[in-house]
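Following: one structure in structure tokens, then a few remarks.
Predicted, not measured: the structure shown is a model, and the values here were computed from it. Below, chains carry the letters A, B, ... as their sequence lines are ordered, and counting in each starts from 1.
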Amino acid sequence: MREVSETDGDTVEERGVDRYDPGEIEPRWQGKWEADQLYRTTIDPDREKFYFLTMLPYTSGDMHIGHWYAMTPSDARARYLRMRGYNVMFPPGFDAFGLPAENAAIERNIHPKQWTYSNIENMRRQMRSMGAMWDWSREAISADPEFYRWTQWFFLQMFNNDLAYRKMSPVDWCPHCNTTLAREQVWGEDRHCERCKTPVIKKDLEQWFFRITKYADELLDFSILDWPEPVRILQTNWIGRSEGARAVFYTEDGDPIEIFTTRPDTLWGATFMVLAPEHPLVEKLTTPDYADAVHDYIHQAARRSDIERETIDREKTGVFTGGYAINPVNDERIPVWIADYVLMTYGTGAIMAVPAHDHRDFEFARKHDLEVRPVILPSGVESLDGETMTEALPDYGTMINSGPLSGTPGELAIERTNAYLEEKGIGDAAVNYRLHDWLISRQRYWGAPIPIVYCPTCGIVPVPEDQLPVVLPDDVEWRPTGESPLKFHPTWGHTDCPKCGEPAKRETDTMDTFMCSSWYHLRYLSPDYDEAPFDPKEYDYWMPVDTYTGGIEHATMHLIYTRFFHKVFRDLDLTEGHEPMLQLRNQGQILGPDGQRMSKSRGTVIEPDDQVRAYGADAVRAYLMFGYRWSEGGPWNADNIQGVVRWLNRVWNLVLGTAGLTAIDSDPAFARTLQRKMHQTIRQVSHDLENFEFNTVVSALMELSNAIVAAREAGMAGTPVFNDAIETLLLLMAPVTPHIAEEMWARLGKPYSIHNQAWPEYDPEMAKEEEITLVVQVNGKVRDRIIVPADIDEEQAKAAALASEIVQHHMGGKEPRRVIVVPGRLVNIVV
RNA sequence: GCCGAAGUGGCGGAACUGGCAGACGCGCGCGACUCAAAAUCGCGUUCCUUCGGGAGUGUGGGUUCGAUUCCCACCUUCGGCACCA
């Protein structure tokens, strides 16, 4: 690690400027800002509010340079908006419940609470060292009883409104974390746990779910949101809406088998049915002759889905149950098979198989010698023969072999079939979603207890609201048994039924920590309010969140959940509007110097504390903004940060080395150049901060400071224009490098604080160029550059271009065939 | 397989709405200062060149007076989903 540079050239030493020492400056100003409550925000009806939120950090211990990357550019933008006159709230908080605390407890024998809260202490210190405009009076910690009391209260609202229910079902279980997970928290091809990367297994368990699927359609509506397209697409795909029909087939015993299909127009081509091996009717359908094979297959399938991951191109296996069903549109008797390519978790767990028009069904039919019957004739196809087809034809087309609907053209096929199904009472048009209800039970200790009591007489009884919070006990044994640690507490689980007063048992599972983060933005409004989750007065002023920043990895988890919560609260008249966060922007990731994810074992973790110690927080902030496209991120580069370190030193020496000088303008042309540059910089920095283009913010500031240095070298130091440029430079730097800007501002004798100053206005007239470089092309190739007045008209530009000797030379004596003039830019002469 | 993002000097990255490709910085080279080095400052830095110029933004086409930018096809990398009925 290199040292912060020494002094600049002799000019500065002569004037006795001390060395730029961020280690001294930064803590001093941080202390003063906090003592003065500079960033404390309160309701102010006279000013326009701006709720600027950055995703709350998980209390894992040390902060990562990635946290800085997420938070400090956001802070710069928040500061910019504040200087623009908005009443900007930028609150901090901590996502404090979760499994790592419990793992630490097991490994190191530290209580999860102690581990979490000492981490919070450290993280607070680190967040203070960012020099960000956190309003600490609004800090909220999800593991505080005053916070999770309301998380539990929200659970009760869900429960009371039939949005929370308990269900026995096959669920995803992480054998390492020893808990169930929501579908969103199972990732990748090998279906691994989002937190620990261990492949999950299936378990049959009774768990609590939230009816997020009820809001599926509404969650697909992004019309009022300024969110990145990729996030909207991820959510749309995750919700996975598909339109089609539901139809009911009956077994020969009269049991209904409901199916969902996106191709009701192919119903007449259903020549067999396939059930998922776990389908509840399999047992009843199976005839004695096939029982052994069916049971073998079910057993194998269970092992397969748990252990090996099935791959797409795997052969389609399956067995006949011996049972038959009746195709309701033509009363044909068709065999019922089971196969693991049909999933219990999608649709109804049963399909009608139309081998002529579905690739999977075709493959299965050919393998097991089942009938292929074409019922759709795509345009351009003369005729189809099921015996000789070599592949399924999934295209739309005219219906054939389809009883009364034969001859229906492709465009009308689905619509007419749906009408037919409804008329005959066989089925109707239906929509199916990939989205599952949200499984919120966790078999862990370090979470908010689910406020439910199980009474032998009254059954499931919610804990009355006035008895909240259901406090998480401290004295718990953490054992990785796969069962909730609260279950083993000697007394905690025993309680009296709130309804009948008889002895009853508490629910011992805790809630998914994503519940905490689904509403934390509301707790920030009034973290001490104890009559409701938030103070309605604060809500009315601050909500909704105007800008939300964070990583895209939460697209299908947190960002779906929080939208769901908001819509539920709206329907319960707790909140207003349809969305909690209007604008979303995603930052990328900072990688290790080797271009890989930072890793402790490879020693590639960049610790912000080290960087701050070596270069100062301002340099780290400026580098994180300057060195990357914020939305992309990239590898940490220990050399490139030197660029901003040098820049800050140059600015320090420039500003303080010329402080207090007064002079009169001697060269109006040079003064005009500096003035123009200053206004252009105001324009660009404003635009780029507004649009999250932080790298060009810093490069524009560098250009301005370079221009001021050039002005100093030209003897302009102390002139009004020069001093104005210095002042503007400091104001523009304030959001990016808040400490050095404040220090220099103070040393220039300007009023405290620079962060309370108005953002400089740019004057378009002042930013205008009087002269431009007119590019002259011949046949599209640049041949000459001529300095001309900016307001030159087309004829003059043309004349100037043709007057150029170089241009004449390249025209080779030919007459111009065509001359294109782009005002203020170029002339292209075509010969 | 489907969906999405991205390919620009040695490197990070700029380029408004189709109009000077490479801003700003890193690195590198040369010079100044120094006994020397570091730091700092100045100049240079896409490639090729017979010094006229030529080529160049992943590849190949196209539209246009003009394309990093628009269109078509393809390649590579990264991310998501994946037998979704």
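For A:Tyr623 and A:Trp636, the distance between ring centers is under 6.0 angstrom. Ring pair A:Phe694/A:Phe626: centre-to-centre distance not below 6.0 Å.
Closest approach to the A:Leu343 side chain among B:A23, B:C65, B:A85 is made by B:A85 (side chain taken as heavy atoms from C-beta onward). Of the candidates B:G12, B:G13, B:G19, B:G13 carries the atom nearest the A:Asn695 side chain, counting heavy atoms from C-beta on. Ranking B:A85, B:C41, B:C26 by closeness to the A:Arg646 side chain, first place goes to B:C26. Closest approach to the A:Arg650 side chain among B:C83, B:G80, B:C41 is made by B:C41 (side chain taken as heavy atoms from C-beta onward). For A:Val782, the side-chain atoms get nearest to B:C20 when compared with the rest of B:C20, B:C83, B:G12. For A:Val822, taking side-chain heavy atoms from C-beta onward, the closest of the listed nucleotides B:C20, B:G19, B:C81 is B:G19. If you check B:C65, B:C83, B:C16 against the side chain of A:Asn828, the one that comes closest is B:C65.
Atoms CZ (A:Arg783) and P (B:G19) sit 21 Å apart, rounded to a whole Å. Rounded to an integer number of Å, the gap from CH2 of A:Trp647 to P of B:G13 is 19 Å. A straight line from CH2 of A:Trp630 to P of B:G12 spans 21 Å, rounded to a whole angstrom. Atom CG in A:Asp688 sits about 12 Å away from atom C1' in B:C24, given to the nearest Å. Here the P atom of nucleotide B:G4 and the CZ atom of A:Arg232 are 13 Å apart, to the nearest Å. Straight-line distance from the CG atom of A:Asn649 to the P atom of B:U40: 8 Å, rounded to whole Å. The CD1 atom of A:Ile560 sits 12 Å away from the P atom of B:C81 (whole-angstrom rounding). Nucleotide B:C83 holds its P atom 13 Å from the CD atom of A:Glu278, rounded to whole Å.
With a cut-off of 3.5 Å on both pairing distances, the Watson-Crick or G-U wobble partner of B:G19 is B:C65. Look at B:A38: it lacks any Watson-Crick or wobble partner with both distances under 3.5 angstrom. With a cut-off of 3.5 Å on both Watson-Crick or G-U wobble distances, the partner of B:C78 is given as B:G4. Under the Watson-Crick and G-U wobble criteria, each requiring two contacts below 3.5 Å, nucleotide B:U46 is paired to B:A55. Base-pair partner of B:G12: B:C24 (Watson-Crick or G-U wobble, both distances under 3.5 Å).
Among the protein residues, A:Asn637 comes within range of no part of the nucleic acid, since none of its heavy atoms lies under 4.0 Å from any strand. Using a 4.0 Å heavy-atom criterion, one finds that A:Val342 contacts the bases of the nucleic acid, with or without backbone contacts as well. Note on A:Glu553: nothing from the nucleic acid sits closer than 4.0 angstrom, heavy atoms only. Using a 4.0 Å heavy-atom cutoff across all strands shown, A:Gly240 reaches no nucleic acid atom at all. Contacts of A:Asn706 with the nucleic acid, taken as non-hydrogen atoms under 4.0 Å apart, involve only primed sugar atoms and P, OP1 or OP2. At a threshold of 4.0 angstrom between heavy atoms, the contacts of A:Gly633 are confined to the sugar-phosphate backbone, with no base atom among them. When heavy atoms are screened at a 4.0 angstrom cut-off, A:His810 is found touching the sugar-phosphate backbone but no base atom. Within 4.0 Å of A:Arg183, counting heavy atoms only, lie sugar-phosphate atoms of the nucleic acid but no base atom. Contacts of A:Ile820 with the nucleic acid, taken as non-hydrogen atoms under 4.0 Å apart, include base atoms. Looking at heavy-atom distances under 4.0 Å, A:Asp358 makes no contact with the nucleic acid at all. Using a 4.0 Å heavy-atom criterion, one finds that A:Thr556 contacts no nucleic acid atom at all.
Annotation: cation-pi pair A:Arg434/A:Trp238 present, NZ/CZ under 6.0 Å from the ring centroid and within 45° of its normal. For the pair A:Lys316 and A:Phe364, the cation-pi criterion (under 6.0 Å, within 45° of the ring axis) is not fulfilled.
Classified by interplanar angle (parallel below 30°, tilted 30° to 60°, perpendicular above 60°), the ring pair A:Tyr628/A:Tyr69 is perpendicular. Ring orientation note: the planes of A:Phe260 and A:Tyr346 are nearly perpendicular, at an angle over 60° on the 30°/60° scale.
Atom P of B:U76 sits at a distance of 15 Å from the matching atom of B:U59, rounded to the whole Å. Comparing the P positions of B:G7 and B:C71 gives a spacing of 15 Å, expressed to the nearest Å. Rounded to whole Å, the P atom of B:C47 lies 25 Å from the corresponding atom of B:U40. On the P atoms, B:U69 is 12 Å away from B:C16, given to the nearest whole Å. Annotation: B:A21 and B:U8 have their C1' atoms spaced 8 Å apart (nearest Å). A gap of 14 Å separates the P atoms of B:G61 and B:A67, to the nearest Å. Comparing the P positions of B:C33 and B:U49 gives a spacing of 35 Å, expressed to the nearest Å. Rounded to the nearest Å, the gap between the C1' atom of B:A38 and that of B:A6 is 40 Å.
Classification of A:Glu243 and A:Arg241 as a salt-bridged pair holds, one side-chain N sitting under 4.0 Å from a carboxylate O. Between A:Glu229 and A:Arg232 a salt bridge is recorded (basic side-chain N to carboxylate O distance below 4.0 Å). A salt bridge links A:Asp172 with A:Arg191: the closest approach of a Lys/Arg side-chain nitrogen to an acidic carboxylate oxygen falls below 4.0 angstrom.
Under 4.0 angstrom from either OP1 or OP2 of B:A85 there lies at least one side-chain N or O belonging to A:Tyr346. Remark: A:Arg19 is not in phosphate contact with B:A39, judged by side-chain N or O atoms under 4.0 Å from OP1 or OP2. Taking only side-chain nitrogens and oxygens, A:Arg629 never comes nearer than 4.0 Å to OP1 or OP2 of B:G12. Between A:Arg818 and B:C65 there is a side-chain polar atom (N or O) within less than 4.0 angstrom of OP1 or OP2. Taking side-chain N and O atoms only, A:Lys781 has no distance below 4.0 Å to OP1 or OP2 of B:G53. An OP1 or OP2 oxygen of B:C16 is reached within less than 4.0 angstrom by no side-chain nitrogen or oxygen of A:Arg683.
Base orientation of B:G66: anti (glycosidic angle beyond 90° from 0). Base orientation for B:G9: syn, the chi torsion being within 90° of 0.
For A:Arg360 against B:C84, no side-chain N or O and base N or O form a donor-acceptor pair under 3.5 Å.
Between A:Val354 and A:Thr271, the closest side-chain pair of non-hydrogen atoms is not below 4.5 Å.
Nearer the 5' end of RNA chain B, as judged by each residue's closest nucleotide, is the contact made by A:Thr696, out of A:Thr696 and A:Leu826. With RNA chain B read from its 5' end, the first of the two nearest nucleotides for A:Thr773 and A:Pro635 is the one closest to A:Pro635.
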